[in-house]
Amino acid sequence: MIAMFMGEYNHTIDAKGRLIVPSKFREQLGDEFVVTKGLDGCLFVYDNSEWKNFEEKLQSLPLTNTNARKFSRFFLAGASACEVDKQGRILLPAVLREFACLEKEVVLVGVGSRIEIWNKATWTEKNVYDDMDEIAENMEGLGI
């Protein structure tokens, strides 16, 4: 069964770059999982099986396509296997913290097959849902 991540959790990153992963997410992720650069300025977190599926899709992209190479490079070069310590924390690599502007306050969001880690201010700024009725109307073309 595919893990479905959902919910929104506010946490802080400590001075050493460690972040507590909410217990609900840890139960589904296990002790080791992958964190990588995401879209919209956040980080993406995948459990190992979902990451393997994503990797296989990236590997199937044509090497001759410039955008495919850039897309693969973006996700794979930034990827890091993270292990949960006894306190339920992961150490986020500096390159990933810098990419997503993660300094202190962060929001972890479950969005189906992955988790997103956001700078709290960026999350608040980018995720305004004033236009949900209009967005919902456009989802019909995507099969929803």
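All values below come from the heavy atoms of this structure, side chains included, with hydrogens, waters and symmetry mates left out. Computed from a predicted structure; not experimentally measured.
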Val84/Phe33 under side-chain contact (heavy atoms from CB on, under 4.5 Å): CA gap, chis, key distance, verdict:
CA-CA 9 Å; Val84 179; Phe33 45 86; 3.5 Å; yes
*Single-linkage hydrophobic cluster, 4.5 Å side-chain cutoff, Val34 and Leu19 together*: yes
| message | Would you say that Ile115 contacts Val21 through its side chain, given a criterion of any heavy-atom pair below 4.5 Å between the two side chains? | response | no
Please tell me if the side chains of Phe5 and Ser113 come closer than 4.5 Å, counting only heavy atoms from C-beta onward. no
Taken to the nearest 0.5 Å, the spacing of Asp47 CG from Gln28 CD works out to 8.5 Å
Nearest heavy-atom contact between Asn67 and Asn65 is N-OD1, 2.9 Å
Side chain to side chain donor-acceptor pair (under 3.5 Å) pairs touching residues 31-41, sequence neighbours excluded, are none
Between Phe74 and Gly38, the two heavy atoms sitting closest are CZ-O, 3.3 Å
Mind checking whether Tyr46 and Phe54 have ring centres under 6.0 Å apart?
yes
Side-chain polar contacts of residues 88-100 - donor-acceptor pairs under 3.5 angstrom, sequence neighbours left out - could you list them?
{"residue": "Arg89", "atom": "NE", "partner": "Asp85", "partner atom": "OD2", "Å": "2.9"}
{"residue": "Arg89", "atom": "NH2", "partner": "Asp85", "partner atom": "OD2", "Å": "2.9"}
{"residue": "Arg89", "atom": "NH2", "partner": "Gln87", "partner atom": "OE1", "Å": "3.0"}
{"residue": "Arg97", "atom": "NH1", "partner": "Leu92", "partner atom": "O", "Å": "2.4"}

I'd like to know if Val35 and Phe71 are part of one continuous hydrophobic network [Ile/Leu/Val/Met/Phe/Trp/Tyr, side-chain heavy atoms within less than 4.5 Å]. yes
Backbone of Arg69 reached by a side-chain donor or acceptor of Ser72 within 3.5 Å: no
Using ring centroids (six-membered ring only for Trp), state whether Tyr9 and Phe25 fall under 6.0 Å. yes
Note, Asn53 side chain near Trp51 side chain (heavy atom, < 4.5 Å):
no
Mind telling me whether Phe75 and Phe44 have parallel, tilted or perpendicular rings, with 30° and 60° as the class edges?
-> parallel
Rounded to the nearest 0.5 Å, the CZ atom of Arg18 sits from the CD1 atom of Ile20 at a distance of 9.5 Å
Donor on one side chain, acceptor on other, Glu8 and Trp123, under 3.5 Å:
yes
Cluster link Leu58 to Leu63, ILVMFWY, side chain under 4.5 Å: no
Glu116 versus Leu108: any side-chain heavy-atom pair under 4.5 Å?
no
Q | Arg114 side chain to Val45 backbone, donor-acceptor under 3.5 Å | A | no
Discussion item. Using side-chain heavy atoms (C-beta onward) and a distance below 4.5 Å, is Glu55 in contact with Leu76?
Written reply: yes
When rounded to the nearest 0.5 Å, the distance separating OG of Ser23 from CZ of Arg26 is 5.5 Å
Beyond-backbone contact of Val106 with Lys120, side-chain heavy atoms, under 4.5 angstrom | no
